[in-house]
Amino acid sequence: MTSAQQLDFSKGSIFRHILRLAGPMTLAQLINVLYNIVDRIFVGQIGGEGSLALTGLGVCFPVITIVIAFTNLIGMGGAPLFSITRGAGDDEEAARILGNSFTLLLLFGVLLTAAGLAVKTPLLRALGASDATLPYADAYLTVYLFGSVFVSLSLGLNSFINAQGFARTGMLTVAIGAVLNLILDPLFIMVFHMGVQGAALATILSQAVSAAWTLRFLTGRKTLVRLSLQHIRLGARRVGKILALGLSGFIMAITNSLVQMACNASLQAYGGDIYVGVMTVINSVREVAQMPVNGVTNSAQPVISFNYGAKEPSRVRQAIRCMSVIVILYTAAIWALLWFFPAFFIRIFNQTPALVEAGVPAMRIYFFGYFMMALQFCGQSVFTALGKSKHAIFFSLFRKAVIVTPLILILPHCFGLNANGVFLSEPISNFIGGTACFATMLLSVYFPLKKAERPAEG
């Protein structure tokens with residue numbers, strides 16, 4: 001297959017297109033997660049204070065998630081529009097979408113830094129920071145916020161590299177920063193004894209390098225659609241489309257932040273710092289386990305979007321089937337692994353006996369029926385890829401805001417569940433939300449596309 005055919009998703013094997021993108025994209029996202037995971041591993045091993053420092057980082061998660069939410073608002077809104085426009089053959093409009101997305105990412109990055117620094121202390125208190133963990137949380141967040149613009153640019157613009165079919169370049173963009181982070185983390189934390197501030201500094205310096213690399217590629221000759229100054233001026237109508245489609249990814253991330261806030265508050269009340277630490281470990285394991293799911297669904301999106309724009313309904317259906325089967329089989333395997341070996345994964349982050357003892361049953365409850373989560377991701381990805389923003393937004397809100405957050409606040413009071421009620425809310429929401437989202441996708445997209453195939457075939 002020639003290079004031109006590889007980048008034209010309306011030709012060739014759907015399965016190969018998805019796998020060709022999924023491998024590098026999954027690895028890229030896995031490497032990207034290492035930015036925070038490696039921080040937690042090194043911070044958790046700080047002598048005499050590792051568990052408190054790890055809990056302090058856990059308190060920061062909702063704020064970090066908010067930064068990523070605004071990145072998703074632009075990246076997940078602009079990239080599908082970019083792919084649909086390319087599929088329709090309008091590269092000039094695709095360039096304008098890219099340029100407008102760059103400007104929005106830059107603006108939101110600066111605004112988030114200013115707003116976060118203004119309210120960080122009362123915000124961390126509200127997120128569950130105790131007197132013991134507040135100094136660690138404050139030290140990490142202060143440094144991280146100064147680099148949030150780099151996070152926004154590197155993650156948001158990388159979506160446009162992948163949307164053009166350059167998955168290996170997208171992976172390299174993330175890998176460069178991640179390798180640098182692996183080098184700087186032990187240097188700053190262990191050698192220079194900078195603690196959590198060192199972990200945050202390593203992260204933002206690494207993201208800055210990733211952002212520079214991304215901009216260099218998108219403004220260079222190898223890209224198909226180039227980022228240029230003539231396209232960065234915002235257009236109201238175009239910005240409206242980007243924000244409308246990206247709203248689903250934004251709401252997913254914001255509701256993740258809402259869930260994390262509710263979790264920290266409930267766990268602090270029913271279990272104290274040790275259970276907030278357990279949730280920090282569970283979140284870390286979930287992020288790693290979820291990366292292949294994100295990789296496959298994100299790699300399927302440009303294939304679905306391109307073929308939708310090219311009016312190839314049969315290939316859109318093929319991509320949906322391929323994506324769904326891969327993701328469901330993978331998440332079923334992960335569920336089995338985490339059920340039988342939870343202690344192994346907990347000890348990677350912290351070996352405190354009390355944390356491991358509390359974490360084993362919590363992890364088994366939290367990940368029960370994990371494969372149902374795949375249905376939510378598949379349905380959500382299809383809606384986003386086809387520009388069905390209302391559906392995507394509804395199901396983003398439905399699972400996190402309507403189901404899981406109320407359960408986090410209610411279940412600890414029921415049947416003596418206490419902290420276990422917080423962990424139980426996740427599988428319940430996966431079963432209800434995942435089923436509803438996937439069934440709606442089948443009825444509103446997959447089956448109607450089959451009817452659209454018949455006239456074309458005739």
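- Listed by first and then second residue, the salt bridge (Lys or Arg N to Asp or Glu O under 4.0 Å) pairs that reach into residues 134-143 are Lys120-Asp138, sequence neighbours excluded.
- For Leu229, the CG atom sits in a loose shell: 12 or fewer heavy atoms of surrounding residues, nucleotides or ligands are nearer than 6.0 Å.
- Taking the side chain as every heavy atom from C-beta outward, Ile176 and Leu172 approach each other to under 4.5 Å.
- Remark: Lys388 engages no residue in a salt bridge (Lys or Arg N to Asp or Glu O under 4.0 Å) (not counting sequence neighbours).
- The closest side-chain heavy-atom distance from Leu157 to Leu215 is below 4.5 Å.
- When the shell of 6.0 Å around CZ of Phe371 is examined, it contains more than 12 heavy atoms from other residues, nucleotides or ligands.
- In summary, of the residues considered (Thr169, Thr173, Asn158), a side chain to side chain donor-acceptor pair (under 3.5 Å) with Trp213 occurs for Thr173 alone.
- For the residue pair Thr65 / Gln260, a side-chain donor-acceptor distance below 3.5 Å is found, with atom types taken as modelled.
- Arg286 and Tyr366 share a donor-acceptor pair across their side chains, judged by distance under 3.5 Å alone.
- Side-chain contact between Arg317 and Tyr446 is present, with at least one heavy-atom pair separated by less than 4.5 Å.
- For Asn264, the side-chain contact (heavy atoms from CB on, under 4.5 Å) partners at least two apart in sequence or on another chain are Pro62, Val276.
- With hydrogens and angles left out, the side-chain atoms of Ser148 and Thr113 include a donor and acceptor closer than 3.5 Å.
- Sequence neighbours left out, the pairs with a member in residues 70-122 that pass ring pair (Phe, Tyr, Trp, His ring centres under 6.0 Å) are Phe70-Phe108, Phe70-Phe250, Phe82-Phe160.
- With contacts defined as side-chain heavy-atom distances shorter than 4.5 Å, the pair Leu218/Gln164 qualifies.
- Phe398 is linked by a ring-ring contact (aromatic ring centres under 6.0 Å, His included) to Phe394, counting only residues two or more places apart in sequence or in another chain.
- The side-chain heavy atoms of Met261 and Thr405, taken from C-beta on, include no pair separated by under 4.5 Å.
- For the residue pair Glu92/His231, the side-chain donor-acceptor check at 3.5 Å is satisfied.
- Evaluation of the salt bridge (Lys or Arg N to Asp or Glu O under 4.0 Å) test over residues 225-252, restricted to residues two or more places apart or in two chains, returns Glu93-Arg238.
- Between Val151 and Tyr144, some side-chain heavy-atom pair lies under the 4.5 Å cut-off.
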